[in-house]
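For reference, the structure is listed below as structure tokens.
Hydrogens, waters and symmetry mates play no part in the numbers below; they use all other heavy atoms, side chains included. A quick note: this is a predicted structure, and the numbers were derived from the prediction, not measured.
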Amino acid sequence: MKRNIRLFFILGMCSLTLTSCAKKEVKEEEDTVDTTEQVALDDVEVEDYTVLNYNELEVLAYEGDTDAMVMLGRMLEYGTDDVKQSFTEAISWYQMASDSGNIDGTCALGYFYLTGTGADKNLEKATELFDAAIEGGAVNGYVGKARVLLAQRDAAEEENEAEDLASDKKDTDSSEDKNDKEDNEDTKDTISDEDKAIYDLFYKAQIAGDVDGAYYLGYAYENGIGTAVDYKKAFDYYSRAAKSTSTDLADQYAKNKANVAIGLLYIKGNGVEEDSEQAISFFEAASAAGYAKGSYYLGQIYENGVGVDKDYEKAMEYYLLAADLDYAPALNQIGYMYYNGYGVDVDFASAVYYQKLAALQGYAIAQVNLGFLYENGYGVERNLETALSYYEMAANSGYEGAMEAVVRVKAQINEEM
């Protein structure tokens, strides 16, 4: 069972900016109508779509109001107190809006193809959509296009690393060739043109007032993407996003991401003085807004006693809040708490249950933990074949240490044959 818990930053899915374009004009029917029927509003300009409920938006959408279609997509994409999250339905409304010429619907679709959420991942399709959105004036399209470039860059780096490991160089390079390569690397610019392009796109979005753009510009400074690492600037841009007063669901999501990012800077003491109280306040702001990562990091704070007394019961409360939103790291951590009896009675069956929920989402740590439970028969009947399958899942995703477990279990299987 992996026991070393670390605070780490996870990107969540990128958010979008809603701009109201063509307004729907409606007026009340003057004639007497049956009170059991829907009353159509025909000449009243909609100034703020966020105050309308789902049914009201649906009426407008079916009348051809593309801004209402996008707002319905927002509700379904992020979920609200009254609307259950559904990526499939969100995509349907965004597609309808996009087909009708709404650039925000087009931009929104791009993110689903970028992340592979609710649709097959397709970076070429995502690029097409973001380019169309940018051409139509949707500034958040800059963020989307930058994230496509970032995804392509990361994928290329992972592929190169895999090739290097697979070949292990095979000592095929002559010493002269190796020296040439080292010289080239020494003279190579520390910031690639690709990274500069990513930074520039984030910058364009931020300058245009995009909340998500401010968040990602902070991310660029924190991680040195297209610029030197500068934690103070990262803090500044994260703070701009966190101070947003926009009621748009996408902007609120970006605000929550920024609050968590600021909290992590305070935990690490990067760009600011290390301050667990400040970190907690930012995590609490995100948690109160229903953002799973905010709740998860509060759980980490109280489980590990980061600047506070350890409080396993409080940690469990926050993990459960995040688990209610199907956040895999929190589901795994609840299983970890049950396995160790932290704040609860030791319950191996519950440990298996929660870590299965996390593993089904492809969370490698949970897959390793499940492998351990099946390998040793904790909470389940001992089954080396099942243990091996979970270890292999984690190993295939590149999780460090999983391959050692694969080798160990294979040896056990051979011994018991």
Side-chain angles (χ1 to χ4, degrees), residues 11-22 24 46 48-134 136 138-141 143-145 147-148 151 210-212 215 246-257 289-293 324-328 361-362:
L11 287 177
M13 191 170 78
C14 184
S15 59
L16 312 169
T17 301
L18 176 62
T19 56
S20 296
C21 298
K24 183 68 181 177
V46 180
D48 185 0
Y49 286 81
T50 64
V51 302
L52 302 179
N53 63 36
Y54 189 91
N55 291 335
E56 291 168 332
L57 287 166
E58 198 170 35
V59 170
L60 293 175
Y62 281 121
E63 290 180 354
D65 189 325
T66 61
D67 285 334
M69 295 174 194
V70 171
M71 192 65 202
L72 287 168
R74 292 281 192 270
M75 288 182 167
L76 290 159
E77 179 181 355
Y78 295 103
T80 68
D81 291 340
D82 302 317
V83 180
K84 185 178 180 181
Q85 188 178 56
S86 172
F87 296 133
T88 302
E89 291 182 53
I91 289 172
S92 178
W93 281 114
Y94 286 143
Q95 186 68 65
M96 193 181 301
S98 179
D99 290 343
S100 299
N102 187 295
I103 57 170
D104 293 306
T106 300
C107 191
L109 282 174
Y111 285 99
F112 287 94
Y113 288 108
L114 166 63
T115 61
T117 304
D120 291 336
K121 188 172 183 178
N122 187 329
L123 296 183
E124 289 185 8
K125 180 68 174 175
T127 299
E128 275 180 33
L129 292 165
F130 290 133
D131 281 340
I134 291 169
V139 297
N140 190 250
V143 174
K145 187 167 184 177
R147 290 188 58 197
V148 170
D210 188 68
V211 179
D212 207 31
Y215 165 78
S246 171
T247 57
D248 181 86
L249 291 175
D251 289 343
Q252 290 177 29
Y253 189 79
K255 179 176 181 176
N256 289 333
K257 291 192 297 183
Y291 189 58
K293 290 177 187 175
D324 286 342
L325 298 169
D326 293 326
Y327 188 55
Q361 296 185 41

Item to complete: Answer whether the closest heavy-atom distance between the side chains of Asp248 and Thr50 falls below 4.5 Å.
Response: no

Worksheet entry | Intermediate values then yes/no, side-chain contact (heavy atoms from CB on, under 4.5 Å), Lys257 and Asp212 | CA-CA 9 Å; Lys257 291 192 297 183; Asp212 207 31; 3.3 Å; yes

Worksheet entry | With Ser100 via side-chain hydrogen bond (donor to acceptor under 3.5 Å, both in side chains) - residues at least two apart | none

Worksheet item: Leu249 and Thr80: side-chain contact (heavy atoms from CB on, under 4.5 Å), yes or no, with the steps?
Response: CA-CA 9 Å; Leu249 291 175; Thr80 68; 4.1 Å; yes

Practice prompt. Kindly write out the residues that satisfy salt bridge (Lys or Arg N to Asp or Glu O under 4.0 Å) with Asp131, not counting sequence neighbours, or none if the list is empty.
Written response: Lys145

Item to complete: Identify the heavy atoms of Ala151 and Leu123 that sit nearest to each other, and give their distance.
Response: CB-CD1, 4.2 Å

Fill in: Glu56: partners by side-chain contact (heavy atoms from CB on, under 4.5 Å), with sequence neighbours left out
Leu52, Asn53

Response to the item:
Here the gap from Leu72 atom CG to Asn55 atom CG, rounded to the nearest 0.5 Å, amounts to 9.5 Å

Worksheet, complete the sentence: Sorted by chain and residue number, the side-chain hydrogen bond (donor to acceptor under 3.5 Å, both in side chains) partners of Asp99 (sequence neighbours excluded) come out as Gln95

Practice prompt. For residues Ala138 and Ile103, report the shortest heavy-atom separation together with the two atoms involved.
Written response: N-CD1, 3.4 Å

Item to complete: May I ask you to decide if Ala250's main-chain N or O and Glu77's side chain share a donor-acceptor pair within less than 3.5 Å?
Response: no

Fill in: Note, Gln361 side chain near Tyr327 side chain (heavy atom, < 4.5 Å)
no

Discussion item. To check you understand the geometry: which heavy-atom pair defines the closest contact between Ala97 and Thr66, and what is its length?
Written reply: CB-O, 3.9 Å

Discussion item. Holding to side-chain contact (heavy atoms from CB on, under 4.5 Å), I want the full list of residues that pass it with Tyr62, two or more places apart in sequence or in another chain.
Written reply: Glu58, Trp93

Worksheet item: Could you state the interatomic distance from CZ (Arg74) to CG (Asp67), rounded to the nearest 0.5 Å?
Response: 10.0 Å

Worksheet entry | Minimum heavy-atom distance between Tyr49 and Ala68, given as atom pair plus value | CE2-N, 3.7 Å

Worksheet item: Where is the tightest heavy-atom contact between Tyr113 and Ala119, given as atom of each residue plus distance?
Response: CE2-CB, 4.2 Å

Practice prompt. Drop me the distance from Cys107's SG to Asn140's CG, to the nearest 0.5 angstrom.
Written response: 4.5 Å

Discussion item. With salt bridge (charged side-chain N to carboxylate O under 4.0 Å, His left out) as the criterion, how do Asp120 and Lys125 come out once you've worked through the C-alpha distance, each side chain's angles and the decisive distance to 0.1 Å?
Written reply: CA-CA 10 Å; Asp120 291 336; Lys125 180 68 174 175; over 6 Å; no

Worksheet item: Partners of Ser92 by side-chain contact (heavy atoms from CB on, under 4.5 Å), sequence neighbours excluded?
Response: none

Item to complete: Please test Tyr54 against Met71 for side-chain contact (heavy atoms from CB on, under 4.5 Å), starting from the C-alpha separation and ending with a verdict.
Response: CA-CA 9 Å; Tyr54 189 91; Met71 192 65 202; over 6 Å; no

Practice prompt. Hey, can you tell me if Tyr78 and Tyr253 have their rings parallel, tilted or perpendicular (30° and 60° cut-offs)?
Written response: tilted

Item to complete: For a side chain to side chain contact (heavy atoms under 4.5 Å, CB included) with Val70, tell me which candidate from Thr106, Asp65, Asn102 qualifies.
Response: Asn102

Worksheet item: What orientation do Phe87 and Phe112 show, parallel under 30°, tilted 30 to 60°, or perpendicular over 60°?
Response: perpendicular

Worksheet entry | 4.5 Å side-chain heavy-atom contact, Leu76 and Tyr94 | no

Response to the item:
What one should report as the nearest heavy-atom pair of Ala126 and Val148 is CB-CG2, 4.0 Å

